Structures are given as structure tokens and as C-alpha cells.
Colleague: 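The following block contains the structure, expressed as C-alpha cells.
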Amino acid sequence: MAGDPAGRPPAVDPAVEPAADSAVDEAAAPAPRRARAAIPEHAWETAVKLVGAAREVHLVCHVSPDGDALGSALAAGLALRSLGVDAFVSFGDDPQVVPASLSFLPGQDLLIPAAEVPDAPELVVVFDVASEHRLGLLCDKALAARELIVIDHHSSNNGFGSCRLIDPAAPATAVLADELLRRLGVPLTHDIAVCLYTGVATDTGSFKYTATTPATHELAARLLATGIRQDLISRQLWDTASFGYLKVLAAALERARLEPEAAGGRGLVWTVVPHADRERHGVAMDEVEGLIDVVRKAAEAEVALVLKEGEDGSFYGSSRAKGAVDLGAVCAGLGGGGHAYAAGFTSYDDAATTVERFRTLLENELRD
Ligand code: 5GP
Ligand code: MN
């Protein structure tokens, strides 16, 4: 392999090197090999008690929700409704728009706008939220809740909330949501399974990433046994896009830059998606979420970065690494956060300045 005549970097034979996945990080330690569960038993017991005693529960995920965040919250909403609890689902965007790729998720009748969430709710459960600012408009209300349960798998989770179910080794928040529902004794329905499967499939890159364990596949098997159509879910999540998206993608790839010397010589590939491109082709911000997965294919780069310009001229940065660098720490330096292998931030600088800051943080991270 090393002497590839095409001059390509040596490919890794996955049969020989199973750990050399494209998404390795400290959050990806295989769960079965851990000596101790990350979430103490008493935390689960407290969560079950709090949910069992509540009359009204508000289930909240992060702004611009992905399949894991919204899937987990909707699964819990459907489950609590089946127990007779008044459950509502919300996220702090205004307007509150469900991404087109997630429009098939059941339980959306439980969604209420952030403004309709009470100022001091009885019980709020947040899903896939690493820090309170990711709650957007619901930040203050969640922090004012009598009890705040935080269910998350980000290694960068900052410790907010009164009851914390945090497992950085969990491949998806949906895995933890499933555990809570099982402890609550909720029967697994088809609709709950669609939501949970969407969460697990999203965050494991369709069961590809290192954090995927035998237990993850066992969960998938339980979910599939309810009769869900994983082929249709997968097509919606990954294989469906507007023609306009293809044009925006083409332009973004055309302007992509490869900097082999960046990231301590491991390479950085980056591009920008200007607001004007999206406007010309009628493409919403959530539709370009998967663009990073194309850019990060570049074998010459350890790190990939896509800067997506919002209507207000700010840039939302999505970054991915292959295991040599902790992007959660790099993006924290830009006011964001996430996992070691996948992290994000928002920048109010111009694109060139933002990339320069990212590049510098990357070098510092590799030096430490
Ligand atoms: P994506 O690029 O898919 O939007 O985000 C990658 C990962 O980073 C996701 O797990 C997401 O939750 C996390 N993330 C993205 N932006 C932020 C941010 O501003 N703060 C924190 N703490 N995490 C973020
Ligand atoms: Mn997640």
C-alpha cells in the first residue's frame, strides 16, 4: 500500500487497522472495554424519579438541531405522552424550523415555539446540549427550571444542570435517551424507534464511526424489530438534496483550499459557503450541513473546515478531524465546542480572519 504508484497517501486496510477510523477521539473509547460506567446509578435513579413525579415536562434540544438532538427529544416526548405525562418538545430558534432532512420524524405535534415554554418550568430535560448557550432562546428558561436534567455525550459538556446523565463514550445522545426510556418502562413503539434510530444513525455516521460498539448494533436491532424502514430513513438523512444544493456544493468544492503545511504538517482543507450562493439557489442553512462530509474526504488533510455564512454575515464553522487533533478544544477557542473529531463554532469575523484564527488554534493544540 505504501508504494502506491498513483502517489496517493497509503490507504488503511480496515480489516487490519480497525481503530484507524476517520472519526477517532477520546469520546470514542469502546464502551464494553470501560471499567466503569460513566453515568452513576444514582443519577439514573434521580432522573427516573424526577420524570415520574412531573406533571409537565419540557424536552429541549440544541439550536439548529441535528438528527441526534431532535430525534432524542421527540423520542422522549412520545414516550412520556404514552405514560400520560404532559410532554412538550422545543428548541430555541426563532423561527423554529425543523430541517428538511428531518421532516419525516414522528411526534412533531409535540413541538412548541420557545416563546410558549414557561419562564420557570417544573422540569426541563435537555438533549445533546454541551453548554447552556447552545439552547439559544431557551437558555434562561432552562436554567430557571426547578429541575434540569442534562442528557449528553459531548466530552466538552460544561457541567450545567441539576441532574446530569453525561457519557462521552456514548456514540449518540439517542443511546442515553433509550436507556432512560427503558428505565421508565416505556414500550418501544415504531414511532419512538424511528426517532431513536435517526439519532443513532446520524451520530455514528450510519454505524461507521469508532464509537459504534456491539451494544450500538444491538440497539439498532431492537429498533429495526419494530418494523421501521431504515432504508427510507437513510435516504432522507443522506441521499436526498435539492438540485440547488448540488450547485452550492459544486461552488464550495471549486473554491476549496488545501494547506498541506497546516495542522503541524498534517494538512487542512477548508472552504466557504457564502450566503449569496445559498440565496441564488434557494438553499437553507440546514441543507448544507452535510457538505463537510464531502470536504473531509480529502486524504491529504487531517482537518477539514467549512465556513457557512448566515444571513447576518456571521460564519458557522463545521470542522472534522481524523484522530490526531482535538477539535472540541480548538473550537472552544473560538467560542464553540463539540467532540474531538467533530466540532463547531460561530464567528463574527470575516472568512479569512476566521480561518487564520482556526489555523493558529490548531497549531497551538498540536503543540500542547
Ligand atoms: P456540526 O459541524 O455537525 O454542526 O457540529 C459538530 C459537533 O460540534 C456537534 O456535536 C455539535 O453539537 C457540536 N457543536 C457545534 N457547534 C457548537 C458550539 O457552538 N458549541 C458547542 N459546545 N458545541 C458545538
Ligand atoms: Mn449528538
Side-chain angles (χ1 to χ4, degrees), residues 22-23 25-28 60-75 91-93 99 101-102 126-136 139 150-161 165-178 195-206 209 211-212 216 237-238 270-271 273 285-296 303-308 310 314-321 326-348 354 358 361:
S22 60
D25 79 337
E26 91 280 4
V60 175
C61 63
H62 61 72
V63 291
S64 306
D66 57 14
D68 189 30
L70 191 57
S72 298
L74 288 174
F91 52 94
D93 286 320
S101 65
L102 299 177
V126 303
F127 295 88
D128 208 39
V129 179
S131 72
E132 58 273 28
H133 86 263
R134 293 275 289 156
L135 291 165
C139 179
V150 177
I151 304 182
D152 187 33
H153 69 134
H154 289 90
S155 53
S156 66
N157 188 289
N158 74 355
F160 76 110
L165 306 173
I166 316 293
D167 183 357
T173 294
V175 170
L176 306 176
D178 170 69
C195 293
L196 291 176
Y197 187 90
T198 298
V200 178
T202 297
D203 268 30
T204 58
S206 205
Y209 302 153
T212 307
T216 320
L237 290 176
W238 295 291
W270 64 273
T271 192
V273 179
M285 194 67 149
D286 65 80
E287 289 180 78
V288 293
E289 199 185 296
L291 203 147
I292 184 73
D293 290 322
V294 183
V295 176
R296 75 184 171 100
V303 178
L305 171 67
V306 174
L307 295 179
K308 298 169 267 193
S314 66
F315 287 94
Y316 179 75
S318 277
S319 61
R320 299 290 184 270
D326 180 355
L327 288 178
V330 170
C331 290
L334 288 157
H339 306 280
Y341 59 85
F345 61 87
T346 300
S347 168
Y348 296 91
T354 304
F358 183 86
L361 285 161

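Remember, it's 1-based here, ligands and their atoms both numbered in the order they're listed. Note that this is a predicted model, so its numbers are computed, not measured.
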Colleague: Near Arg320, which atoms of ligand 1 are under 4.0 Å from a heavy atom of that residue?
Modeller: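 Going through ligand 1 atom by atom, the ones under 4.0 Å from Arg320 are 1 (P), 2 (O), 3 (O), 6 (C).
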Colleague: Is ligand 1 under 4.0 Å from a heavy atom in the side chain of Ser318, in the backbone, in both, or in neither?
Modeller: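 For Ser318, the contact with ligand 1 is made by both the backbone and the side chain.
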Colleague: What is the minimum heavy-atom distance between Phe345 and Cys331, and which atoms define it?
Modeller: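 Looking at all heavy atoms of both residues, the shortest contact is CD2-SG, 3.6 Å.
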Colleague: Is a donor on one side and an acceptor on the other found under 3.5 Å between the side chain of Asp93 and the backbone of Val63?
Modeller: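 Answer holds: no.
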Colleague: Among all protein non-hydrogen atoms, which one is nearest to atom 16 (N) of ligand 1, and what is the separation to 0.1 Å?
Modeller: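 Heavy-atom neighbour on the protein nearest atom 16 (N) of ligand 1: Tyr316 OH, 2.9 Å.
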Colleague: Working to 10°, measure the angle at the Mn ion (ligand 2) formed by atom OD2 of Asp68 and atom NE2 of His153.
Modeller: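 It is 100°, given to the nearest 10°.
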Colleague: Examine Ser156 against ligand 1 and note whether any of their N/O atoms are separated by less than 3.5 Å.
Modeller: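 Between Ser156 and ligand 1 (N or O atoms, distance only) the closest approach is not under 3.5 Å.
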Colleague: When rounded to the nearest 0.5 angstrom, what distance separates OH in Tyr209 from OG1 in Thr216?
Modeller: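 Those atoms lie 14.0 Å apart.
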Colleague: In the protein, what heavy atom is nearest to atom 9 (C) of ligand 1, and what distance, to one decimal place, separates them?
Modeller: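 Going atom by atom, the protein heavy atom closest to atom 9 (C) of ligand 1 ends up being His154 NE2, 3.9 Å.
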Colleague: What about Thr346: any of its N or O atoms under 3.5 Å from an N or O on ligand 1?
Modeller: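 The answer is no, given that Thr346 and ligand 1 share no N or O pair closer than 3.5 Å.
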Colleague: Quick test: of every protein heavy atom, which one is nearest to atom 18 (C) of ligand 1, and how far off is it to 0.1 Å?
Modeller: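 Atom 18 (C) of ligand 1 sits closest to the protein heavy atom Arg134 CD, 3.4 Å.
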Colleague: In ligand 1, which numbered atoms sit nearer than 4.0 Å to a non-hydrogen atom of His339?
Modeller: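 By the 4.0 Å cutoff, the relevant atoms are 10 (O).
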Colleague: Working to the nearest 0.5 Å, report the span between OG of Ser131 and CG of Asp152.
Modeller: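 These two atoms lie 9.5 Å from each other.
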Colleague: Specify the protein heavy atom at minimum distance from atom 7 (C) of ligand 1: its residue, its atom name, and the distance to 0.1 Å.
Modeller: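 Checked against all protein heavy atoms, atom 7 (C) of ligand 1 sits closest to Ala342 O, 3.3 Å.
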Colleague: Taking C-beta and beyond as the side chain, do Val273 and Met285 meet within less than 4.5 Å on heavy atoms?
Modeller: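 No, every pair of side-chain atoms sits at 4.5 Å or beyond.
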Colleague: Rounded to the nearest 0.5 Å, how far apart are CG of Leu305 and OG1 of Thr271?
Modeller: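 Atom-to-atom, Leu305:CG and Thr271:OG1 are 9.0 Å apart.
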Colleague: For Asp128 and ligand 1, does the shortest N/O to N/O distance drop below 3.5 Å?
Modeller: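 In this structure, Asp128 places no N or O atom under 3.5 Å from an N or O of ligand 1.
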Colleague: What are the atoms of ligand 1, with element, lying closer than 4.0 Å to any heavy atom of Gly338?
Modeller: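 The atoms of ligand 1 under 4.0 Å from a heavy atom of Gly338 are 8 (O), 13 (C), 21 (C), 22 (N), 23 (N).
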Colleague: Could you check atom 8 (O) of ligand 1 against the protein and tell me its nearest heavy-atom contact, residue, atom and distance included?
Modeller: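 Answer for atom 8 (O) of ligand 1: Ala343 CA, 3.3 Å.
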Colleague: Please write down residue, atom name and distance for the protein heavy atom closest to atom 19 (O) of ligand 1.
Modeller: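 In this structure, atom 19 (O) of ligand 1 has Gly336 CA, 3.4 Å as its nearest protein heavy atom.
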Colleague: So, do His153 and Thr173 sit near enough that their side-chain heavy atoms are less than 4.5 Å apart?
Modeller: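 When only atoms from C-beta onward are counted, Thr173 and His153 do touch, with a gap below 4.5 Å.
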Colleague: Which atom name does Asp203 have for its N/O/S atom nearest to the Mn ion (ligand 2)?
Modeller: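 That would be atom OD2.
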Colleague: Does ligand 1 have any atom that is closer than 4.0 Å to a heavy atom of Glu289?
Modeller: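 Heavy atoms of Glu289 never come under 4.0 Å of ligand 1.
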Colleague: Tell me which N, O or S atom from Asp128 is the closest to the Mn ion (ligand 2).
Modeller: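 Answer by atom name: OD1.
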Colleague: Do Val200 and Asp68 make a side-chain contact, defined as non-hydrogen atoms from C-beta onward lying under 4.5 Å apart?
Modeller: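 Side-chain contact under 4.5 Å: no.
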Colleague: Working to the nearest 0.5 angstrom, can you tell me the gap between Trp238 CH2 and Thr202 OG1?
Modeller: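 Spacing of CH2 (Trp238) from OG1 (Thr202) equals 5.5 Å.
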Colleague: Any chance you could measure Ser64, atom OG, to Lys308, atom NZ, to the nearest 0.5 Å?
Modeller: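 The OG atom of Ser64 sits 9.0 Å away from the NZ atom of Lys308.
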Colleague: Let me know which of Asp128, Val129, Leu165, Asn157 forms a side-chain contact (heavy atoms from CB on, under 4.5 Å) with Val150.
Modeller: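 That would be Asn157; it is the only one of Asp128, Val129, Leu165, Asn157 passing the side-chain contact (heavy atoms from CB on, under 4.5 Å) with Val150.
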Colleague: For Ser155 and His339, indicate whether the former's side chain and the latter's backbone hold a donor-acceptor pair under 3.5 Å.
Modeller: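 Checked: no pair found.
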Colleague: Is there a polar contact, in the sense of an N or O pair closer than 3.5 Å, between Gly337 and ligand 1?
Modeller: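 Yes, Gly337 has an N/O under 3.5 Å of an N/O on ligand 1.
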Colleague: So which heavy atom in the protein is nearest atom 17 (C) of ligand 1, and how far is it from that ligand atom?
Modeller: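 The answer is Gly344 O, 3.4 Å.
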Colleague: Within ligand 1, which atoms have a heavy atom of Ala130 less than 4.0 Å away?
Modeller: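 What qualifies from ligand 1 is 22 (N).
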